[in-house]
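None of the values given here were measured: they were computed from a predicted structure.
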Amino acid sequence: MRRSERLFRIVNEMRSRGVSRAADLAAHFEVSVTTIYRDIAHLQASGLPIDGEAGIGYLLRPGFDLPNVTFTHDQVDALAVGLSFVERTGDPVLATAAREVRAKIQASMPAPEERKLADAPFYSLQPKRGASQDNRLLREAIRNQRIVQIVYKDGQGNLTRRRLRPLVIWDLPDGWMVSGWCELREGFRTFRWDRITELTKTEDRFQEDEKTGLIAFMERERCHA
């Protein structure tokens, strides 16, 4: 573990523990007590309100808080998958808690308009199933609003080449699916992953609107359900 990461985690541990002994922190982070002493001294010198001393224990004074949390796009997608799964467990208390967690994390992000947990384009009902290697390519295409070119084989074995504005990925009992606006059919379509024989991300961008965007698609799905 890099020192910067350990320092961050030490602060988090002290926030949850109350009075923290150097020996306990050393055991938790699998470092020497001397290393913890140096880390605490560094944090104190950086201006963190830590009271105490070696041999007694340390306490992070109340009122201190960490800066806004920054997540990568992939980390946001990972959080969204987990929260989405919890919301679908059928437990109303857990579902409410998941929505509250999403709101708290969303509010803590330094640029919430760029990393939206609520709009992460990934829904999983089978958390132990493996995903295709094209999963990341599609997620990036959805995030960056890039049109993808696919060759799709229907149930009769016929191949069609399509330009798709991808909106959402599904992990359903029948397998992986991707939904979006099909420019060939001029409408929303859902494609089985195992029938996509070719997949290419183009440089062409698309703009979501009230007719072709994710909100319109999800409203259509709710009506069909």
Side-chain angles (χ1 to χ4, degrees), residues 71 73-90 92 95-96 98-103 105-107 109 111-127 129 131-132 134-155 158 160-196 198-225:
F71 295 106
H73 287 293
D74 287 339
Q75 289 168 348
V76 169
D77 283 352
L79 287 168
V81 171
L83 292 170
S84 177
F85 179 75
V86 171
E87 285 188 72
R88 288 164 173 76
T89 59
T96 299
R99 287 191 290 269
E100 291 172 348
V101 169
R102 177 185 286 110
I105 296 176
Q106 183 71 43
M109 293 181 181
E113 69 283 353
E114 297 177 7
R115 292 174 169 83
K116 296 183 179 179
L117 275 173
D119 296 337
F122 199 101
Y123 296 89
S124 179
L125 301 180
Q126 305 288 325
R129 295 168 59 90
S132 162
D134 293 324
N135 182 298
R136 183 169 186 174
L137 185 151
L138 270 172
R139 286 195 295 110
E140 291 176 349
I142 293 170
R143 179 187 309 139
N144 298 320
Q145 295 184 312
R146 299 278 190 182
I147 294 174
V148 295
Q149 184 93 23
I150 67 171
V151 176
Y152 192 71
K153 180 172 64 175
D154 65 19
N158 301 312
T160 56
R161 185 174 297 275
R162 303 169 184 240
R163 281 167 57 88
L164 177 69
R165 305 176 188 181
L167 298 174
V168 63
I169 299 169
W170 308 88
D171 180 14
L172 301 173
D174 292 336
W176 289 89
M177 312 279 188
V178 56
S179 300
W181 180 267
C182 175
E183 294 187 350
L184 177 65
R185 303 303 184 199
E186 296 186 343
F188 293 118
R189 293 292 186 275
T190 295
F191 301 94
R192 284 177 45 169
W193 213 297
D194 60 345
R195 290 184 179 175
I196 297 176
E198 294 181 25
L199 172 65
T200 307
K201 185 171 65 173
T202 74
E203 295 302 313
D204 299 332
R205 293 183 178 273
F206 64 90
Q207 295 293 327
E208 291 192 30
D209 56 37
E210 60 184 16
K211 177 183 176 183
T212 65
L214 179 61
I215 294 176
F217 172 76
M218 296 304 290
E219 184 61 33
R220 171 180 176 271
E221 291 297 295
R222 279 192 289 269
C223 291
H224 286 183

Take a 6.0 Å sphere around NZ of K153 and say whether it holds more than 12 heavy atoms from other residues, nucleotides or ligands.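 Atom NZ in K153 is not crowded, with 12 or fewer foreign heavy atoms closer than 6.0 Å.
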Shortest non-hydrogen contact from [X] to [Y]?
{"X": "G213", "Y": "F188", "value": "O-CZ, 3.7 Å"}
{"X": "C182", "Y": "R162", "value": "SG-NH1, 3.5 Å"}
{"X": "I147", "Y": "R163", "value": "CD1-NH2, 3.1 Å"}
{"X": "K211", "Y": "A216", "value": "O-CB, 3.7 Å"}

Do [X] and [Y] have side chains that approach each other closer than 4.5 Å (heavy atoms only, starting at C-beta)?
{"X": "W193", "Y": "L138", "value": "yes"}
{"X": "S179", "Y": "L167", "value": "no"}
{"X": "V178", "Y": "V148", "value": "no"}
{"X": "E210", "Y": "I215", "value": "no"}
{"X": "L214", "Y": "I142", "value": "no"}

Kindly compute the distance separating [atom1] ([X]) from [atom2] ([Y]), expressed to the nearest 0.5 Å.
{"X": "R161", "Y": "T200", "atom1": "CZ", "atom2": "OG1", "result": "7.5 Å"}
{"X": "I169", "Y": "M177", "atom1": "CD1", "atom2": "CE", "result": "13.0 Å"}
{"X": "T190", "Y": "W170", "atom1": "OG1", "atom2": "CH2", "result": "7.5 Å"}
{"X": "I150", "Y": "T160", "atom1": "CD1", "atom2": "OG1", "result": "7.0 Å"}

With a 4.0 Å cut-off on N to O distance, would you call R146 and E203 a salt bridge?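 Yes, this pair counts.
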Salt bridge check, R192 against D194: does any charged N sit closer than 4.0 Å to a carboxylate O?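 Salt bridge flag = yes for R192 with D194.
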Please check this pair: side chain of N144 against backbone of E140, looking for a donor-acceptor N/O pair closer than 3.5 Å.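 Indeed, once roles are kept as given, a pair shorter than 3.5 Å links the two residues.
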Kindly indicate, with the supporting measurements, whether the criterion side chain to side chain contact (heavy atoms under 4.5 Å, CB included) is fulfilled by R189 and L184. CA-CA 10 Å; R189 293 292 186 275; L184 177 65; over 6 Å; no
